[in-house]
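Let me begin by presenting the structure, written as structure tokens, before commenting on it.
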Amino acid sequence: MATRTLRTTYDPRAVEMPRYTEWMRAGYFRALVDPSRTRGSSRGPFVIMLPLPNVTGESHIGTASTFSIQDVLIRWRRMQGRNALWQPGTDHAGIATQNVVEREIAREGLTLEALGRERFVQRVWQWKETYGNIIVEQLKRMGFSCDWDRYIFTLDPPYYDAVLEAFVRLFNQGLIYRGKRMVNWCPRDQSAISDLEVEHVEVDTQLWHVRYPGAGGGPGITIATQRPETILADVAVAVHPADPRYAALIGTEVVVPIVNRRVPVIADTRVDREFGTGALKITPGHDPMDNEIGTDHKLPTLVILDPRGRMTADTGKYAGQDRFEARKAVGADLQALGLLERVEPYRTNVGTCDRCHAVIEPYISDQWFADMTSMAARAAEAIRSGRVRFHHERWAKIVLQFLDHIRPWTISRQLWWGHRIPVWQCDVCGERTAAKTPLERCPKCGGGPVKQDPDVLDTWFSSGIWPFATLGWPMETPDLRYFYPGDVLVTANEILFLWVARMIMMGLHFMGDVPFTDVYVAPTVMTLEGRRMSRSLGTGIDPLEMVDGRGYGADAVRFALISRCSQAQQDLRFNEKMIADVRNFNTKIWNATRFVLMNLEGFDHRRAPAAGDLGPADRWIRSRHAQLSRAVTAHLEAFEFDKAARALYEFIWAEYCDWYLEMAKVDLQDAPSGSARRAAIQHTLWSVLSDTMALLHPIMPFLTEEIWQQLPHHGDSLMIAPWPAPDPDAVDADHDRMMDTLMSVVRALRSLRSELGLPPSQRISVHVRADEASGRLLAPVGRHLAALARTDPVSIEPLSLPRPRESVTAVLSGVEVSIPLGGLVDPAKERDRLARALRDLDAELLSLQRRLDNPDFVQRAPADVVEREQGRAEDLRARRQRLHEIAAALGDGPAR
RNA sequence: GGGCGGUUAGCUCAGUGGUUAGAGCGCAUGCUUCACACGCAUGAGGUCACAGGUUCAAAUCCUGUACCGCCCACCA
């Protein structure tokens, strides 16, 4: 073939997108039911459900990292021959999307009310058509090999139908019920949210100490509160029954300031005597614990805040004030009344809405709840029995903790964008009926007109059925039978409860089986300072900006993230430099390929080299490659992506490029064109590089495909090439040892050269003297030794021969290398060098000898360990002896 | 308040009982060595957070302490 010339740098921008288009066109991402590839077989299905990004989503380093891991798994399994399905889609993301569009219409001076439900929902659809594909395009740009033909949006009609089906079934099973409860209310979003959507944040606030005078004119009781505005809704003051300070007051009445309401002093063990004054004001309308206490003591519930968090009309002068405004106003009035004893600074947690960050209001309202108790128990059992495994396994404990303490799930949202709750209530008899198709009349009383519930479902309710609803459920489709249950779920730890736990619960409930067997929890990507990456904080790295803006390419971003995804860490500190480093790695691979291509004239891959035609370097790199291939596969199987990436990096750079290619240069010089020997070298250059590209492909699909296509004899895409099977026969301990010896000799020579200030351009003559074993190892690579150390041709002589005079010598195990310098040897420097070498050797020998002199060690340590240490000691003593000889020959031997 | 993780070279991290603890980056020195200066070579740099303990042997196992981070939690 003709020599190809390639540029010395690789431009990912020029190749990545066109290549992706080609893959798409070829249909490589597609997964189809194939009964001949049976479940559980080596060619059977392998399924990953993409953690569906929000339609409002944009490229984010966190998604880039979890999705890169998924693509590694999918591409690797696909190459292994599995029928790999990566199911993509996007989430309608109820509150998030509604907020975005609400802001949009607000800019036009419109409000929700003015627009009306139907027109608003239409607007959101319009918005979705315009912007909803951004995230999909970004995923494609990263090279992710999802089966886009199967792309699903959670409000697509079939998926919508599945969501309603799930609701109706749970409703009819009595697992969904309606109730008037205290829920987490977001005054900004005007909706209930679930416990999991509340983010607790630490804030500095104040603790107000307020006196409630006794109804009979006594001093009364002083309480401590963070929320003086809720005093208006107080219905009691509670103290601990065993608190001597207040024992006499229990059963008496005190007067709530401002509203002058007489309320009882009650006793309840839930009061903490240590906190504040030990007396607790009871506000059942605005505090969860007070609500419980109020219920138990049959106290009335007063409400003084409206759904927007403003004081209600019946609060007199405070009516209409925001809760925080009212807090100050009430505080001032208490002060004026002389009932505010003191205000102290106080640090505490407040609940905020995870979408809009408004402070959550505990609020009593009518909502739909799902009772998850039995589902959680089954999910917990599945995890405990190992049917679902977590990586790292510590996450299992955390999920179990959640499942073991499961609480009712508030599933209704007072929004317009989402799956509308399929419940119709009869105007006449009040009966509520769940049905997938709209009802006209009440089925209970037969005639009453019905109205549909106005609320929509929690977004996470619909994503909980993602693993099977995407495959056609509730219909028994071939897809569902073939692809469910799936295999791996890769996600960030922040949605373990919101999503992962719920998929396990729903999968077991509706499908009778877990949705996946392995959950890999990816680390959270942080800045170098340990701050969360976030666009709003300006601390983020935008992967797309790295890929195209900075020109590093998708491969570099993927490798940089994956090589640092260790299971042990829950954080991943990351910066742009790490991506730039991978770009350098890519250039290195690219140039190694150029070198290989330049040396493939006349190469025919069908001419498999005979064993005798392979040189020592060829055998060594084939041996190392076989070991690499085994290691990479094992690491991927163990979800150790960082180790797989590092093994590849190490092999390519430090073994293939730094040593093998340099040695191959020597071999190519020696092997005549057209010879079998030359063909063997070419075959090694080509096959090791090709197979390494295959191993690297799941992590860096674009560069590896590009090189695969440049290398001769690869017709089809690397995407569908077989995963390299390690060749056990290639593993060659003798040649591994040979190279170890060669490397240490070469390094010793380079080190001497550097220390003596001999520039690389200066050829030097060296004497290598070796004992029998080392001599045998070095003899076949003498030419390489000379080339790598840039010396005149060397002959390997027996160690028993005398050292050359007037030379400097490095002493290795079984080998000595000497550089004759004639009169240029500086005895002082040389003595110094030898003294340092001796000092290191002695230190090592000393600690070793101490161990060997310890009878406990010799008796108790395993025999092989003792034997090895004895061997080492012997070697060290021999080397020390030689160093002493050299020093003695110099005269004025170094002080011991 | 409960739970979990981390602490190893200037930085980011490997290293889970057995050589004198490693890598990449950064730093220093030298190099237009015919694939690559986004490179090559050589080198400096660590009392493995601290204190106890177990063991013939501890960065590694156990206990405690400190600091950093995360999750859960109705002490107002």
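Not measured: the values here are computed from a predicted model. Chain A is the first sequence line, chain B the second, and so forth, proteins listed ahead of strands; every chain is numbered from 1.
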Report task. Please check if any side-chain donor atom of A:Q849 sits under 3.5 Å from a side-chain acceptor atom of A:R877, or the reverse. Result -> yes

**Report entry** Watson-Crick or G-U wobble partner of B:U7, both distances under 3.5 Å
**Finding:** B:A66

Query raised in the report: Just checking A:P362: base, sugar-phosphate only, or nothing, at a heavy-atom cut-off of under 4.0 Å?
Result: nothing

Report task. Assign the ring pair A:F585 / A:W653 to parallel, tilted or perpendicular, where the plane angle (0 to 90°) is split at 30° and 60°. Result -> parallel

Query raised in the report: If we call it a pair only when both distances are under 3.5 Å in a Watson-Crick or G-U wobble match, what pairs with B:A41?
Result: B:U29

**Report entry** A:Q870 atom CD, over 12 foreign heavy atoms within 6.0 Å
**Finding:** yes

Requested in this report: Decide, yes or no, whether a salt bridge links A:R872 with A:E874 under the criterion of side-chain N to carboxylate O below 4.0 Å.
Outcome: no

Report summary line: A:D642 CG to B:C13 P, in whole Å, measures 12 Å

Query - Residue matched to B:U60 through Watson-Crick or wobble contacts both under 3.5 angstrom - result: none

Query raised in the report: In whole Å, what separates the P atom of B:C48 from that of B:C11?
Result: 16 Å

**Report entry** Opposite nucleotide pairing with B:C13, Watson-Crick or G-U, both atom distances under 3.5 Å
**Finding:** B:G22

Query - Integer angstrom distance from the P of B:G18 to that of B:C62 - result: 15 Å

Query raised in the report: P atom, B:A66 versus B:U29: distance in rounded Å?
Result: 45 Å

Query raised in the report: With a 4.0 Å cut-off, would you call A:R273 and A:D243 a salt bridge?
Result: no

Query raised in the report: Does atom CD of A:E274 have more than 12 heavy-atom neighbours from other groups under 6.0 Å away?
Result: no

Requested in this report: Please measure how far the C1' atom in B:G3 lies from the corresponding atom in B:A44, and state the result in whole Å.
Outcome: 44 Å

Requested in this report: Taking the six-membered ring for Trp and the full ring for Phe, Tyr or His, determine whether the centres of A:Y520 and A:F641 are under 6.0 Å apart.
Outcome: yes

Query - C1'-based separation of B:U60 from B:U16 [nearest Å] - result: 5 Å

Query raised in the report: Between atom CG in A:N854 and atom C1' in B:G18, what is the gap in whole Å?
Result: 14 Å

Requested in this report: Using the closest heavy atom to pick a nucleotide of RNA chain B for each, name whichever of A:P759 or A:Q567 lands nearer the 5' end.
Outcome: A:Q567

Report task. Tell which nucleotide pairs with B:C48, taking only Watson-Crick or G-U wobble pairs whose two distances are both under 3.5 angstrom. Result -> none

Query - Sequence-aligned protein contact record of nucleotides 68-76 of chain B, with B where the base is within under 4.0 Å of a protein heavy atom and S where only the sugar-phosphate is - result: -BS-SBBBB

Query - Side-chain donor-acceptor contact under 3.5 Å, A:T205 with A:Q226 - result: no

Query raised in the report: When rounded to the nearest Å, what value does the distance between P atoms of B:A35 and B:G30 take?
Result: 25 Å

Report summary line: Between CZ of A:R564 and P of B:G15 the distance, given in whole Å, is 14 Å

**Report entry** Partner nucleotide, any strand, of B:A73 [Watson-Crick/G-U, under 3.5 Å]
**Finding:** none

Requested in this report: Inspect the contact between A:R270 and A:D296 and indicate whether a charged nitrogen and a carboxylate oxygen are less than 4.0 angstrom apart.
Outcome: yes

Query raised in the report: So which nucleotide does B:C34 pair with, by the Watson-Crick or G-U wobble rule with both distances under 3.5 Å?
Result: none

Report task. Describe the nucleic acid contact of A:L841 in one word from base, sugar-phosphate, nothing, applying a heavy-atom distance below 4.0 Å. Result -> base

Requested in this report: Pick base, sugar-phosphate or nothing for A:M182, based on heavy-atom distances below 4.0 Å to the nucleic acid.
Outcome: nothing

Query raised in the report: Which whole-number value in Å describes the distance from A:H405 NE2 to B:G2 C1'?
Result: 10 Å

Query raised in the report: What integer number of Å spans the P atoms of B:G46 and B:C38?
Result: 30 Å

Query raised in the report: For every nucleotide of nucleotides 32-48 of chain B, 5' to 3': is a protein heavy atom under 4.0 Å from its base (B), only from its sugar-phosphate (S), or from neither (-)?
Result: -B-BB-BSSSSS-----

Query raised in the report: For A:D404 and B:G3, what is the distance between atoms CG and C1' respectively, to the nearest whole Å?
Result: 13 Å

Query - Length of the line joining A:L852:CG and B:A57:P, which is rounded to integer Å - result: 14 Å

Query raised in the report: Can you say whether the rings of A:W590 and A:Y10 are parallel (under 30°), tilted (30 to 60°) or perpendicular (over 60°)?
Result: tilted

**Report entry** Residue pairs passing the side chain to side chain donor-acceptor pair (under 3.5 Å) test where at least one lies in residues 192-204 of chain A, sequence neighbours excluded
**Finding:** A:N184-A:D195, A:S194-A:E197, A:D195-A:R407, A:E197-A:R413, A:E202-A:R347, A:D204-A:R347

**Report entry** Nearest-Å distance once atom P is located in both B:G17 and B:A59
**Finding:** 13 Å

Query raised in the report: Roughly, in whole Å, what's the span from CZ in A:R880 to P in B:U20?
Result: 15 Å

Report task. Answer with base, sugar-phosphate or nothing: what part of the nucleic acid does A:T283 contact at a heavy-atom distance below 4.0 Å? Result -> nothing

